[in-house]
Amino acid sequence: MTIRTRFAPSPTGMLHIGGARTALFSWLYARHHGGEFVLRIEDTDRQRSTDEATQVILDGLQWLGLDWDGEPVFQASRQGEHVRAAEQLMDAGHAYRCYCTREELDAMREEQRARGEKPKYDGRCRHRSQQSEDAPFVVRFRSPDTGETVVRDMVLGDVEFNNAELDDLIILRSDGSPTYNLAVVVDDAAMQITHVVRGSDHLNNTPRQIQLYQALGLTPPVFAHIPLIHGPDGAKMSKRHGAVAITEYRQAGYLPQAVVNYLARLGWSHGDDEVFSVQQLIELFDLAQVGKTAARFDQQKLDWLNAHYLHHSEPAELVDEVARLLGVDTSNGPDLAAVIGSLQERSKNIVDLAEGARFFYIAPCAYVEKAVKKNFKDDTWPLLDAFVAAAEALPEWSPVSIHALISKVCESRGVNMGKLAQPIRILISGGPVSPPIDATLALLGRDETLNRIRDGRTNMAV
RNA sequence: GCUCCCAUCGUCUAGUGGUCUAGGACGCCGCCCUCUCACGGCGGAAACAGGGGUUCGACUCCCCUUGGGAGUACCA
């Protein structure tokens with residue numbers, strides 16, 4: 001049997017890191033087994049679903065490289081199937097109309113809570129006599145009162161639920177639209193999903209869904225409830241707790257393979273290994289190796305992995321993204337790939353890289369005050385003048401010759417390289433940080449270098 | 001409150017009864033390298049939540065406590 005997994009986000013909020021990991025695990029499992037991975041947008045809540053959220057989901061998955069098979073299925077378009085299933089359930093006596101009003105239900109729950117009971121529907125409409133035809137109603141699933149339902153979970157093992165704990169859930173709203181539990185079951189069955197990989201926040205729904213499968217005469221898929229990702233404070237990922245749309249990571253300069261690698265290691269491991277290519281992930285990933293404990297989101301480790309991938313990238317691969325985030329015209333300056341090559345090992349993300357590259361294309365108009373104070377002494381300008389004079393006469397402008405030149409000037413004056421390198425660095429970049437001075441000057445070019453040093457004298461005098 | 005899940009360094013984790021004086025990684029501290037910032041190299045501090053069992057022997061199995069999390073909607 002072909003393995004088929006799905007990712008079924010609801011477009012009511014942004015796709016964040018937790019949802020992305022669920023998608024990743026689901027995708028990896030399918031790809032590992034040579035199966036299929038499909039996408040279903042759960043938009044049955046028409047009020048709260050938005051096109052923007054759908055777009056973020058699609059963009060996010062694409063950016064991460066999680067490709068899906070076939071076209072995405074929009075759940076709302078399958079309402080006919082859902083209603084048919086509900087009717088089938090009613091015909092078989094597994095579902096019934098409930099005419100309770102919201103006020104009635106609220107009052108009931110309030111009483112139960114006051115008595116210290118678990119709030120749940122008491123089934124009062126199971127045998128309620130005929131109502132007038134035009135009274136609004138919902139359809140409820142008739143849940144068994146006795147026995148137990150066991151969820152066989154690939155991550156958690158067997159989890160038993162007492163059926164008495166489960167109340168009669170609504171499967172069709174009063175407007176005739178299906179609710180989540182009915183729609184997932186009908187659609188997962190119709191789409192022939194073999195393995196349902198989802199967050200463990202869905203574990204409590206699972207016994208009800210299993211009952212629905214049984215009542216509809218369907219075979220339940222295999223379930224795998226993966227632990228949730230918590231924010232840095234240990235609470236559930238939410239908008240208030242560091243949950244940002246996955247697409248924001250791109251804007252913040254993260255590489256998709258770093259995010260994928262980080263996410264994979266949150267809950268899954270393979271011995272002591274830390275760095276995995278997507279290919280290796282597909283080869284090695286197994287739901288059986290997924291742990292049961294919730295993980296906290298650790299930005300620093302993501303940063304480390306991102307830096308790792310950044311340092312091991314070919315500059316050419318980075319050019320487009322750096323140019324996009326840099327947002328300045330680079331056509332009249334040094335080759336961007338070469339600039340990236342000089343910068344990548346000292347950057348931890350693309351934003352860093354782009355900022356570090358900026359001065360190669362735009363001359364500084366101000367200098368970091370603290371750095372000036374620290375590096376400009378009485379003997380600094382004479383030293384710079386000596387450097388400029390020698391630089392003008394230098395036959396070849398290359399890292400090696402520049403290095404030799406700086407070193408020679410410093411030696412003749414009996415000072416170490418920092419005495420000259422730092423002032424030059426400040427004058428050409430505006431601050432005390434840049435790639436090695438020889439490489440930087442070579443990239444910038446002789447004319448631009450000397451112009452910036454000369455301009456520096458006037459700028460600083462002001 | 002009730003139901004369900006979880007519990008190894010600060011964080012992510014290895015560990016599936018003896019090989020554990022518990023391993024790796026991030027972060028942190030120190031040293032080296034050095035023209036700045038980084039990279040890199042070397043070294044260091046740092047954990048089995050507590051209590052009962054089971055066993056010749058528990059980080060590993062069972063129970064309780066404690067702690068954390070999720071659910072408890074005409075959301076998904």
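Convention: sequence-line order gives letters A, B, ...; per-chain numbering from 1.
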Per atom distances to the A:Pro436 side chain, the nearest of B:C35, B:G24, B:U11 is B:C35
Remember a base hit wins even if backbone is also touched, and classify A:Glu42 as base, sugar-phosphate or nothing at under 4.0 Å, heavy atoms.
-> sugar-phosphate
Name the nucleic acid region contacted by A:Pro435, choosing base, sugar-phosphate or nothing; use a 4.0 angstrom heavy-atom cut-off, strictly under.
-> base
With a 4.0 Å cut-off on heavy atoms, is A:Arg48 in touch with a base, just the backbone sugar-phosphate, or nothing at all?
-> base
Across the strands shown, which category fits A:Asp303 at heavy-atom distances under 4.0 angstrom: base, sugar-phosphate, nothing?
-> nothing
Looking across every strand, which nucleic acid part, if any, lies under 4.0 Å from A:Leu228 by heavy atom: base, sugar-phosphate, or nothing?
-> sugar-phosphate
Taking CD from A:Gln422 and P from B:C35, how many angstroms apart are they, rounded to a whole number?
-> 11 Å
Side chain of A:Lys301 - closest among B:C37, B:C74, B:C12 | B:C12
Please test A:Tyr96 against A:Phe141 for ring-ring contact (aromatic ring centres under 6.0 Å, His included), starting from the C-alpha separation and ending with a verdict.
-> CA-CA 7 Å; A:Tyr96 59 91; A:Phe141 175 65; 9.3 Å; no
Between B:G10, B:C35, B:A76, which one does the side chain of A:His403 approach most closely?
-> B:C35
Looking at A:Asp43 and A:Arg40, does any basic side-chain N land under 4.0 Å from a carboxylate oxygen?
-> no
Rounding to a whole Å, what distance do you find between A:Trp268:CH2 and B:G24:P?
-> 19 Å
Rounded to the Å, how far apart are A:Arg425 CZ and B:C35 P?
-> 10 Å
What's the verdict on ring-ring contact (aromatic ring centres under 6.0 Å, His included) for A:Phe297 and A:His16, showing C-alpha distance, side-chain angles and the deciding distance?
-> CA-CA 12 Å; A:Phe297 181 74; A:His16 58 70; over 10 Å; no
Between A:Phe285 and A:Phe25, ring centroids under 6.0 Å = yes
With a 6.0 Å cut-off on ring centres, are A:Phe37 and A:His195 close enough?
-> no
For residues A:Asp201 and A:His225, is any side-chain donor paired with an opposing acceptor at under 3.5 Å?
-> no
So what does A:His270 hit on the nucleic acid, given a heavy-atom distance under 4.0 Å: a base, only sugar-phosphate, or nothing?
-> nothing
Does A:Glu160 or A:Cys100 map to a spot on RNA chain B nearer the 5' end, using the closest nucleotide for each?
-> A:Glu160
When all nucleic acid strands are considered with a 4.0 Å heavy-atom cut-off, which category describes A:Val138: base, sugar-phosphate, or nothing?
-> base
Have a look at A:Thr44 and say if it touches a base, only the backbone sugar-phosphate, or nothing, with a 4.0 Å heavy-atom cut-off.
-> sugar-phosphate
Between B:C59 and B:G43, how far is it from one P atom to the other, in whole Å?
-> 29 Å
Can you tell me how far C1' in B:C33 sits from the matching atom in B:G18, rounded to whole Å?
-> 45 Å
Looking at the angle O4'-C1'-N9-C4 for a purine or O4'-C1'-N1-C2 for a pyrimidine, is B:C39 syn or anti, with syn meaning within 90° of 0?
-> syn
Of the nucleotides B:C4, B:U36, B:U13, which has the atom closest to the A:Phe161 side chain?
-> B:C4
Scan A:Gly291 against the nucleic acid and name what it touches under 4.0 Å (heavy atoms): base, sugar-phosphate only, or nothing.
-> nothing
Separation of A:Met417 atom CE from B:C33 atom P, in whole Å?
-> 16 Å
At under 4.0 Å between heavy atoms, what does A:Ser174 touch on the DNA or RNA strands: base, sugar-phosphate, or nothing?
-> base
A:Ser434 near the nucleic acid: base, sugar-phosphate alone, or nothing, with a heavy-atom cut-off under 4.0 Å?
-> base
With a 4.0 Å cut-off on heavy atoms, is A:Arg109 in touch with a base, just the backbone sugar-phosphate, or nothing at all?
-> sugar-phosphate
Who pairs with A:Arg152 by side-chain hydrogen bond (donor to acceptor under 3.5 Å, both in side chains), at least two apart in sequence or on another chain?
-> A:Asp158
Here the distance between atom C1' of B:A76 and atom CG of A:Leu169, to the nearest Å, is 13 Å
5'-most contact on RNA chain B: A:Ala421 or A:Glu165, nearest heavy atom basis?
-> A:Glu165
pair_partner(B:U19), Watson-Crick or wobble, both distances < 3.5 Å, evaluates to none
Heavy atoms under 4.0 Å, any strand shown: does A:Tyr262 hit a base, just sugar-phosphate, or nothing?
-> nothing
Looking at every strand, decide which applies to A:Leu203 at a 4.0 Å heavy-atom threshold: base, sugar-phosphate, or nothing.
-> sugar-phosphate
Who pairs with B:C2 - Watson-Crick or G-U, where each distance is under 3.5 Å | B:G71
